[in-house]
There are 2 protein chains.
Amino acid sequence: MAKSRTASAQGRAKVTAMAKPRGGNALRPLATKAASAQDARKARGLERRDAILTAALEEFSARGFEATRLDDVAARARIAKGTIYLYFRDKETLFQELIRAMLTPLVGTIEALGAADVPLAVLADRLVDIFVREVYETRRKDVVRLMITEGRRFPKIAEFYYREVLSHIIGAMRAILRRAAARGEVPAELVDFPQILVAPGLVAIIWSGLFERFEPLDVRAMMKTHVALVLAARKKA
Amino acid sequence: MAKSRTASAQGRAKVTAMAKPRGGNALRPLATKAASAQDARKARGLERRDAILTAALEEFSARGFEATRLDDVAARARIAKGTIYLYFRDKETLFQELIRAMLTPLVGTIEALGAADVPLAVLADRLVDIFVREVYETRRKDVVRLMITEGRRFPKIAEFYYREVLSHIIGAMRAILRRAAARGEVPAELVDFPQILVAPGLVAIIWSGLFERFEPLDVRAMMKTHVALVLAARKKA
DNA sequence: GAATACTGACTGACTGGTCAGTCATTTATA
DNA sequence: TATAAATGACTGACCAGTCAGTCAGTATTC
């Protein structure tokens, strides 16, 4: 111990710090002042939290969970490592919170869309658009990839993801397919496998991470082709 | 972590490692009878190598690359850790060799199948069958999963996999689709996205690792539904 | 208004544990 | 006996998580 870096200089630091008058404030009602100070503190806290999450996203998606060093996350967020532990219990919690923060907002969007009772052709176009714009072309793509690549080793996170995100999306898809099947827009068996609708999106995410450099993939075109395929398979009444 | 290594007491069965025939699951066809001492030695070497690969497969697919300890691989193969280094340069090489050994044999099968000039309906059934029997219901499923989950952090392995495996499969698929499109069995645009054909298979592999326990998935039925979808989308002449 | 006391967010050196890879020694084989 | 194969204790690097200490900002006192 006793390795404090101020050891050499005789305690000048303290006095100087104290002497700093810190620009005089006009007198203010105590309550207001306290409240605003409180708010400012809370705001700074949230800001810090965000900075950590942002840095964590960067590191986790570049290196994966195990290989990510919290030292690097801290450096990227321009804070000390210890600070991370003021906001998150441990590395795994940080990871889980990251996934929650990024993917939870999607659910509402998808469910709202799925509730609209419009022809599948229209709905499908909208879904593709949302997927490309809100997932594939954003950081959410990396989070989905993280879920795919790391989920197996974190059963709790996989469960959370299934419960809070995936089951809702699958449910919405099933509802859409059920209505579409009733209208004869789609074969009835498809209702049992909403995964088929989503599959090309996931494959695109995997492909982009592994093989894009060897063989680029036009996601939007692929999704459109897939949608056309599904729509063309309707019963010819 | 599960600690299976409690053999601290007098037990110490050491030479038993050699005596133990160590199960029959071979990654490679059984060697022909050794004609000479040289051959016998070489055969034993290959056997050891196989034992290591088998153990590595088990550990890697249970824990992922980073979290796998070579001590555990050695224990499972009933050899000392140092022995691994007599057969593989390092952990990464072991991983790469594992992927090579498991997936390379598939390529020939797929390519041979793709060369047959038969109606898509027949071919597709065969492909689904091969996928289910040779991949989904075997350890190869785990290797494909490993490729998906770890590939990003091992660009060399991803490149090897693309070059030696994936590009051949994609190529075969494209050839199949081209002929099918020429016959009007399938929309022409599909030729640009053979990934669409494979997508449900990959999604099934991911699903089985992450969400099977919440919501089981009948792969075979899903694949059949998907094939039916593709076939139903043909131009109605 | 200035001096003093207090608070808690933040820091980063340190600890304890882990594990890939090495190599001197032991064991098996020719 | 000579050579090859196998062993496992050891080393050095690495890193999650801790905690004693710091200091800017806030409250209190005169």
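Predicted model, so just to flag it, every value in this text is computed and none were measured. Reminder, nothing fancy here: chain letters follow the sequence lines and each chain counts from 1.
Phosphate proximity of dA6(D) to Y87(B): present, with a side-chain N or O under 4.0 Å from OP1 or OP2. Put simply, R48(A) has no side-chain N or O that comes within less than 4.0 Å of OP1 or OP2 on dA9(C).
Between R145(A) and D142(A), at least one side-chain N (NZ, or NE/NH1/NH2) sits under 4.0 Å from a carboxylate O, which counts as a salt bridge. Using a cutoff of 4.0 Å between basic side-chain nitrogens and carboxylate oxygens, E164(B) and R100(B) are not scored as salt-bridged. One finds a salt bridge joining E150(A) and R153(A) here, because a Lys/Arg side-chain nitrogen approaches an Asp/Glu carboxylate oxygen to under 4.0 Å. Electrostatic pairing of E58(A) and R139(A) counts as a salt bridge here, judged by a charged N lying under 4.0 Å from a carboxylate O.
Using a 4.0 Å heavy-atom distance criterion, I79(A) is classed as a sugar-phosphate-only contact. The residue F88(B) sits apart from the nucleic acid: no heavy atom pair falls under 4.0 Å.
With contacts defined as side-chain heavy-atom distances shorter than 4.5 Å, the pair F211(A)/Y161(B) qualifies.
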What does the list of N/O pairs under 3.5 Å between the protein and nucleotides 14-16 of chain D look like, with a distance for each?
from    : atom 1 : to     : atom 2 : distance (Å)
dC15(D) : OP1    : R69(A) : NH1    : 3.2
dA16(D) : OP1    : T68(A) : O      : 2.9
dA16(D) : OP1    : K91(A) : NZ     : 3.4
dA16(D) : OP2    : L70(A) : N      : 3.0
dA16(D) : N7     : K81(A) : NZ     : 2.9

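Using modelled atom types, one side-chain atom of R140(A) and one backbone atom of M102(A) make a donor-acceptor pair closer than 3.5 Å.
We find that CZ of R78(B) is positioned 16 Å from P of dA6(D), with the value rounded to whole Å. One atom, CG of L86(A), and another, C1' of dG12(C), lie 13 Å apart when rounded to the nearest Å. As rounded to whole Å, 14 Å separates atom P of dA20(C) from atom CZ of F95(B). In this entry the distance linking CD1 of I84(B) with P of dG8(D) reads 13 Å, nearest Å. Here dA9(C) presents its C1' atom at 12 Å from CD1 of I52(A), a figure rounded to the nearest Å.
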